[in-house]
S.K.: 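Have a look at this one before I ask anything.
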Amino acid sequence: MMETIRGSQLSKFPLEPLNIVADLLYYDGPFLSLLELEHDSGESYYFYYWCDLDGRHNRWLIFRVTRKQITGYLTGKTSLREIISHPIDHYYFLGDMDSDSEWQQLYLVMSSDLPLSYGPKENSWFDRELSGVSETDWQILEQRFLMDSSSSSDSVFKIEAV
């Protein structure tokens with residue numbers, strides 16, 4: 001039986017379409033995924049964190065994250081627990097997804113109402129070797145969040161007369 005949710009039930013998910021960037025924790029399926037909402041006003045990133053299940057549904061905790069939080073998590077400067085404990089919007093979405101990847105229940109939950117069991121353990125640091133992140137996803141993460149664009153060296157070719 002899943003935890004009882006204190007929050008406002010929603011009739012539809014307000015963040016669509018979200019596009020997957022990469023799975024950050026993976027074992028027989030994703031536990032933590034990074035998604036991106038594309039719109040005219042710039043980048044918006046969201047973590048999808050698996051937090052509960054029953055016989056028919058998986059429950060996901062969905063919340064907005066900054067580029068700095070993503071980079072901090074991937075470089076081991078910020079734990080997942082820290083990020084989840086202090087959502088930048090002060091609320092989360094909780095959604096129950098069925099086996100067809102359809103939302104069945106959706107809630108808007110204030111950070112103070114999130115069940116304690118939904119937070120990760122204190123030592124929730126990213127470890128690439130234990131994360132199960134695929135090589136393809138890791139390359140995407142490196143290119144988008146770990147390479148310092150100010151220090152990227154563009155190759156300069158000299159053309160010599162023969």
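Atoms considered below: every heavy atom in the structure, side chains included; atoms not considered: hydrogens, waters and symmetry mates. Note that the numbering runs from 1 along the sequence shown for the chain.
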S.K.: How would you list all residue pairs meeting salt bridge (Lys or Arg N to Asp or Glu O under 4.0 Å) that involve residues 72-91, not counting sequence neighbours?
M.R.: R64-D89
S.K.: Should we count CG of D54 as having more than 12 external heavy atoms under 6.0 Å?
M.R.: yes
S.K.: With side-chain hydrogen bond (donor to acceptor under 3.5 Å, both in side chains) as the test, pick out the partner of R59 among Y49, Y107, Y118.
M.R.: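 Filter result, single survivor: Y118.
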S.K.: Answer whether the closest heavy-atom distance between the side chains of T71 and L146 falls below 4.5 Å.
M.R.: yes
S.K.: Donor-acceptor check, side chain of D98 to backbone of D100, threshold 3.5 angstrom: yes or no?
M.R.: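 Yes: the side chain of D98 pairs with the backbone of D100.
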S.K.: Does the Y45 side chain pair with the main chain of Q69, one donor and one acceptor, at a distance under 3.5 Å?
M.R.: no
S.K.: Is W60 close to W103 at the side-chain level, that is, under 4.5 Å between some pair of heavy atoms?
M.R.: yes
S.K.: After noting the C-alpha distance and the side-chain angles of E36 and R144, does the key distance pass the salt bridge (Lys or Arg N to Asp or Glu O under 4.0 Å) rule?
M.R.: CA-CA 12 Å; E36 177 178 36; R144 292 185 71 178; 2.9 Å; yes
S.K.: Among all residues two or more places apart in sequence or in another chain, which pass the side chain to side chain contact (heavy atoms under 4.5 Å, CB included) test with D137?
M.R.: A22, D23, V133, S134, I140
S.K.: Within a strict 4.5 Å, meaning less than it, do heavy atoms of the Y92 and I62 side chains meet?
M.R.: no
S.K.: Hey, are the side chains of W138 and S131 touching, using non-hydrogen atoms and a 4.5 Å cut-off?
M.R.: no
S.K.: Compare all side-chain heavy atoms of F126 with those of L80 and state whether any distance is below 4.5 angstrom.
M.R.: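 The answer is no; the side chains never approach within 4.5 Å.
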